[in-house]
Amino acid sequence: MDSMKIRRTAIAVAAATLLPFSLAACSDSGSDTKAAPSATSDDAAKTSESTPSQDAMTDDQPFGPACAGVPKEGAGSFDGMAKDPVATAASNNPALSTLVTAVKKAGLVDTLNNAQNITVFAPTNDAFNKIPKADLDKVLADKATLTKILTYHVVGQKLAPKQLENGSFETLQKGMVTTKGSGEAYKVNDTSNVVCGNVKTANANVYIVDTVLMPK
């Protein structure tokens, strides 16, 4: 009898000792299971927030081979140009010095700087160099003709790259320009290539082109 009582007492003590550990283990396992989905959801949210869509990146960033020649710092950089109105911004870009000279001769600096939400197709110095010097000098000396040509390069709305895929837009000169292309390759009037596009200034989107556009 004494032996039986001792055995039963030992079993009861062992059970009482082990039971809390078993319950604790179950409780921990349950909490881990519940916490896992929450952590996964949080991770997914962080990933979504930190990874912008490809469309957003394309819409926001300048593109094109000539963008590599834009200064990395200072007023002529992309960040610097974004702070100034378009004529001032162009004056800080060495590749647009001939265009800036033409804009000044035509008396269009204030017109362009004070305009709101415009797009400028800006010919590079090399684009102007394609015009025979005698012809270019003649145009630069003729304010009326020069104004007509320069205002043909300006559209009265901000154009995103997507809008250039197959577009037709009225210019400030009242003529029409057409655009075609996709991705990072676009043409204006089938003759002029966009070599650095989607450059932001304080009041304009700028598409730098390799050929001067002539009003039709």
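The residues of the chain are indexed from 1 along the displayed sequence.
Linking ILVMFWY side-chain heavy atoms closer than 4.5 Å, directly or via other members, places V212 and V103 in a single hydrophobic cluster. The hydrophobic cluster containing L140 does not contain Y152, counting ILVMFWY residues as joined when their side-chain heavy atoms lie under 4.5 angstrom apart, directly or transitively. V194 is not connected to L150 by any chain of hydrophobic side-chain contacts under 4.5 Å among Ile, Leu, Val, Met, Phe, Trp and Tyr, and they are in different clusters.
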Item to check | Worked check of side chain to side chain contact (heavy atoms under 4.5 Å, CB included) between Y207 and V155 | outcome: CA-CA 11 Å; Y207 293 87; V155 173; over 6 Å; no
Item to check | Derivation of the side chain to side chain contact (heavy atoms under 4.5 Å, CB included) call for F63 and N198 | outcome: CA-CA 7 Å; F63 61 84; N198 205 31; 3.8 Å; yes
Next on the checklist: Working note: H153 + T171, criterion side chain to side chain contact (heavy atoms under 4.5 Å, CB included); need CA distance, chi angles, decisive distance, verdict.
Outcome noted: CA-CA 7 Å; H153 289 73; T171 69; over 6 Å; no
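No more than 12 heavy atoms of other residues, nucleotides or ligands lie within 6.0 Å of NZ in K83, so this atom counts as exposed by the packing criterion.
Under the 4.5 Å side-chain criterion, counting only non-hydrogen atoms from C-beta, D210 is not in contact with D126. The closest side-chain heavy-atom distance from I208 to N93 is below 4.5 Å. Residues Y186 and T179 have side chains not in contact (no heavy-atom distance under 4.5 Å, counting atoms from C-beta outward). In this structure, F128 and S97 have side chains that are not in contact, with every pair of non-hydrogen atoms separated by 4.5 Å or more. Between F78 and Q61 there is no side-chain heavy-atom pair separated by less than 4.5 Å. Between V209 and V195 the shortest side-chain heavy-atom distance does not fall below 4.5 Å. No side-chain heavy atom of I118 sits under 4.5 Å from any side-chain heavy atom of K158. K130 has its side chain within reach of T211: a pair of non-hydrogen atoms, C-beta onward, lies under 4.5 Å apart.
Not one N or O on the side chain of N114 forms a donor-acceptor pair closer than 3.5 Å with the backbone of V109. A donor-acceptor pair is defined here as one N or O able to donate and one able to accept, closer than 3.5 Å; no such pair exists between the side chain of N203 and the backbone of P85. Without hydrogens or angle criteria, T147 side chain to K143 main chain gives a donor-acceptor distance under 3.5 Å. Proximity of a side-chain donor or acceptor of T145 to a complementary backbone N or O of D142 within less than 3.5 Å is not detected.
Under the 3.5 Å distance criterion, with hydrogens and angles disregarded, no donor-acceptor pair is assigned to the side chains of D84 and T201. Side-chain contact of T88 with N113: a donor-acceptor pair under 3.5 Å is present, judged by distance alone. Counting only N and O atoms by type, the side chains of N205 and T119 include no donor and acceptor under 3.5 Å apart. Side-chain atoms of K187 and N193 include a donor-acceptor pair closer than 3.5 Å.
By the 4.0 Å N-to-carboxylate-O rule, K133 lies close enough to D137 to be salt-bridged with it.
With sequence neighbours left out, E165 forms a salt bridge (Lys or Arg N to Asp or Glu O under 4.0 Å) with K162.
Partner of M214 under the side chain to side chain contact (heavy atoms under 4.5 Å, CB included) criterion, out of I131, T191, N189: I131 alone.
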